[in-house]
Amino acid sequence: MRELRVEGTSYPLLRHLTPPVVAVTTVAGERTNGMIVNSAQRASLVPSVPRISVYILKPHVTHEMIMESGVFAVHLLRNDQWDVIWQLGLRSARDVPNKLDGLELHTGVTGCPLLKDCMASFECRVINAMDAGAATFFLADIVKDHPGTDGEPMTSPYFRQNMPPDRVRAYESNLAHAMEYLEPLSRSIDAVGWKGPRNRSE
Ligand SMILES: Cc1cc2nc3c(=O)[nH]c(=O)nc-3n(C[C@H](O)[C@H](O)[C@H](O)COP(=O)(O)O)c2cc1C
């Protein structure tokens, strides 16, 4: 894989800034979907106004669906939940009819499908969005949280250090392929904020 470099910096050092590996689910009309992100961050220091931000690439089906409905759920995964990561993070809903098949789910107050097995899930409603060229940063209020199991969270360092070799190949090849078409998109920013979900009735 081509080494990615930021001028004056070794790109791998940026991995120290990476949040844990979590599952994001969403709903739009009749469709439900899920994906994996390592870009979900606490986005408020005020406990009474809890917020999360996520960075989601535009080609992903989940991106299109969050744009449409304005809701998503973030799930903290334990570090033994590899199967969920492979199921949601290596294949797009463009290629698999229902990515959530086989996972135990319940429906949240936002309508999002929620994984029953996780350390916690946070249902979110988008309040702002920032275009990042190839992706969108969604800033969202946590509207409901659901406690789950005990365990150790799937941190990004743990994920990188313990990924089986055959999965490393699939993951790195997905990344390399994505970089080719994302690089040109990354330079074109539309400095417009969130106007609400596309399916909002008012
Ligand atoms: C460990 C890991 C971290 C990922 N982090 C992100 C991320 O932060 N943002 C993103 O857009 N995609 C990320 N992805 C890629 C998506 O999860 C993946 O491409 C997914 O198949 C998209 O699904 P969709 O097209 O059905 O929405 C990550 C994948 C893995 C395995």
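Remember, it's 1-based here, ligands and their atoms both numbered in the order they're listed.
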Numbered atoms of ligand 1 (with element) below 4.0 Å of Met35, judged on heavy atoms: 10 (C), 11 (O), 12 (N), 13 (C), 16 (C), 17 (O), 22 (C), 23 (O)
Once you measure the plane-to-plane angle for Phe138 and Trp194, does it fall in the parallel (<30°), tilted (30-60°) or perpendicular (>60°) bin? perpendicular
Under 4.0 angstrom from ligand 1, any heavy atom of Lys99? yes
Atom 11 (O) of ligand 1 has as its nearest protein heavy atom Leu57 N, 2.8 Å
Looking only at the aromatic ring of each residue, does the gap between the centers of Phe72 and Phe122 stay below 6.0 angstrom? no
Please indicate whether Asp150 has more than 12 foreign heavy atoms, meaning atoms of other residues, nucleotides or ligands, lying under 6.0 Å from its CG. no
Any idea which atoms of ligand 1 are less than 4.0 Å away from a heavy-atom of Leu88? 20 (C), 21 (O)
Determine yes or no for a side-chain-to-main-chain donor-acceptor pair under 3.5 angstrom, with Glu123 supplying the side chain and Val109 the backbone. yes
Taking only non-hydrogen atoms of Val54, do any sit less than 4.0 angstrom from ligand 1? no
Identify, by atom number and element, the atoms of ligand 1 in contact range of Arg91, meaning under 4.0 Å from any of its heavy atoms. 21 (O)
Do the side chain of Ser44 and the main chain of Val49 share a donor and acceptor less than 3.5 angstrom apart? yes
Considering the heavy atoms of Asn33, write down every atom of ligand 1 situated less than 4.0 Å from one of them. 24 (P), 26 (O), 27 (O)
Under a 4.0 angstrom heavy-atom cut-off, which atoms of ligand 1 come close to Phe159? 1 (C)
For Ile56, take its heavy atoms, then give the atoms of ligand 1 lying under 4.0 Å from any of them. 11 (O)
Check ligand 1 against Ala93 and write out every atom of the ligand that is under 4.0 Å from a heavy-atom position of the residue. 24 (P), 25 (O), 26 (O)
Any donor-acceptor N/O pair, His63 side chain to Leu57 backbone, under 3.5 Å: no
Can you name the atoms of ligand 1, numbered from 1 with element, that are less than 4.0 Å from a heavy atom of Thr62? 24 (P), 27 (O)
